[in-house]
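The structure appears below as structure tokens.
Positions are given from 1, in the same order as the sequence printed here.
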Amino acid sequence: MKLTQLAPMPRLRKFALGALALAWLALVIGAVSPARADLRICNMTGARVGVALGYRDAQGWMTEGWWNIDERKCETLLKGPLAGRFYYIYALDYSGGGEWGGRSFLCTRDREFSIRGIDNCLARGYERTGFFEVDTGQQKSWTIQLTDSNRAAEVRR
């Protein structure tokens with residue numbers, strides 16, 4: 001199991017997300033993990049956050065949201081062994097106004113959604129949102145941590 005910690009970026013207009021560079025610092029530590037396999041996200045901040053997930057499955061690209069995660073709580077986004085290597089996350093800090101995003105653009109909307117495909121978001125009535133990429137290295141289980149600090153780390157378990 002791996003753990004990814006990411007710090008929020010200041011809120012920027014959606015058109016500026018393409019120019020953002022997400023800073024990553026990777027720290028890999030080997031350890032034995034339990035047999036459980038899921039994609040989980042932990043909100044280690046002091047605020048409630050909203051999370052959207054993007055991934056590729058047998059039918060193509062899929063984005064889903066919103067998971068509302070209370071402060072210092074975790075949520076399972078996908079149950080079971082991970083089928084892909086790359087997953088994409090976008091998160092909003094509801095009270096602090098920060099966000100975790102990146103340069104991988106996928107479709108979203110303001111309310112709950114499951115959207116098939118990533119092309120022509122605006123023409124299809126969706127928003128085009130910048131997600132950050134998570135490389136699981138084809139691990140079967142992964143945990144992402146959202147933090148308040150400017151540190152980012154990945155921990156393999």
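- Listed by chain and residue number, Arg85 satisfy the side chain to side chain contact (heavy atoms under 4.5 Å, CB included) test with Gln138 (two or more places apart in sequence, or in another chain).
- Not one N or O on the side chain of Asp93 forms a donor-acceptor pair closer than 3.5 Å with the backbone of Val49.
- Residues Ala52 and Phe113 share a closest heavy-atom pair of CB-CZ, 3.9 Å.
- Although no hydrogens or angles enter the test, the distance criterion places no donor-acceptor pair under 3.5 Å between the side chain of Thr76 and the main chain of Leu78.
- The side-chain heavy atoms of Leu39 and Val134, taken from C-beta on, include no pair separated by under 4.5 Å.
- Judged by distance alone, with hydrogens and angles left aside, the side-chain atoms of Arg40 form no donor-acceptor pair with the main-chain N or O of Ser141 at under 3.5 Å.
- Qualifying side chain to side chain contact (heavy atoms under 4.5 Å, CB included) partners for Arg116, counting only residues two or more places apart in sequence or in other chains: Asp57, Gln59, Met62.
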- Task: Would you check, one step at a time, whether the test side-chain contact (heavy atoms from CB on, under 4.5 Å) holds for Leu77 with Ile89?
- Result: CA-CA 11 Å; Leu77 303 184; Ile89 299 290; 4.0 Å; yes
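- When the shell of 6.0 Å around CZ of Arg111 is examined, it contains 12 or fewer heavy atoms from other residues, nucleotides or ligands.
- Ile144 contributes atom CD1, which lies 7.5 Å from atom CG of Leu53 (distance to the nearest 0.5 angstrom).
- For residues 70-116, the disulfide bond (SG atoms under 2.5 Å apart) pairs, not counting sequence neighbours, are Cys42-Cys74, Cys107-Cys121.
- Relative to the ring axis of Tyr126, Arg109 does not place its NZ or CZ within 45° and under 6.0 Å from the centre.
- Partners of Tyr88 according to the ring pair (Phe, Tyr, Trp, His ring centres under 6.0 Å) rule, which considers only residues two or more places apart in sequence or in another chain, are Trp61.
- Looking at Arg124 and Ile115, their side chains come closer than 4.5 Å, going by heavy atoms from C-beta outward.
- The structure places CD1 of Ile41 at 8.5 Å from CH2 of Trp100, a figure rounded to the nearest 0.5 Å.
- Nearest approach of Glu133 to Ser104, heavy atoms of both residues: CB-OG, 4.5 Å.
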- Query: Step by step, would you call Glu127 with Asp110 a side-chain contact (heavy atoms from CB on, under 4.5 Å)?
  - Reply: CA-CA 8 Å; Glu127 298 197 28; Asp110 288 339; 3.2 Å; yes
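- In this structure, the side chain of Asn120 does not engage the main chain of Ala123 through any donor-acceptor pair within 3.5 Å.
- Considering OH of Tyr90 and CZ of Phe132, their distance stands at 11.5 Å, rounded to 0.5 Å.
- The shortest heavy-atom contact between Thr147 and Thr45 is C-CG2, 3.8 Å.
- Closest of all the heavy-atom pairs between Phe86 and Asp135 is CE2-CG, 3.5 Å.
- Considering all non-hydrogen atoms of both residues, Leu82 and Tyr87 come closest at CB-OH, 3.6 Å.
- Looking only at distances, a side-chain donor or acceptor of Asn43 sits under 3.5 Å from a matching main-chain atom of Ile69.
- Contacts classified as side chain to side chain donor-acceptor pair (under 3.5 Å) and involving residues 63-72 (residues at least two apart or in different chains) are given here: Tyr55-Glu64, Asn68-Tyr94.
- Between the CD atom of Glu75 and the CG atom of Asp38 there is a distance of 11.0 Å, given to the nearest 0.5 Å.
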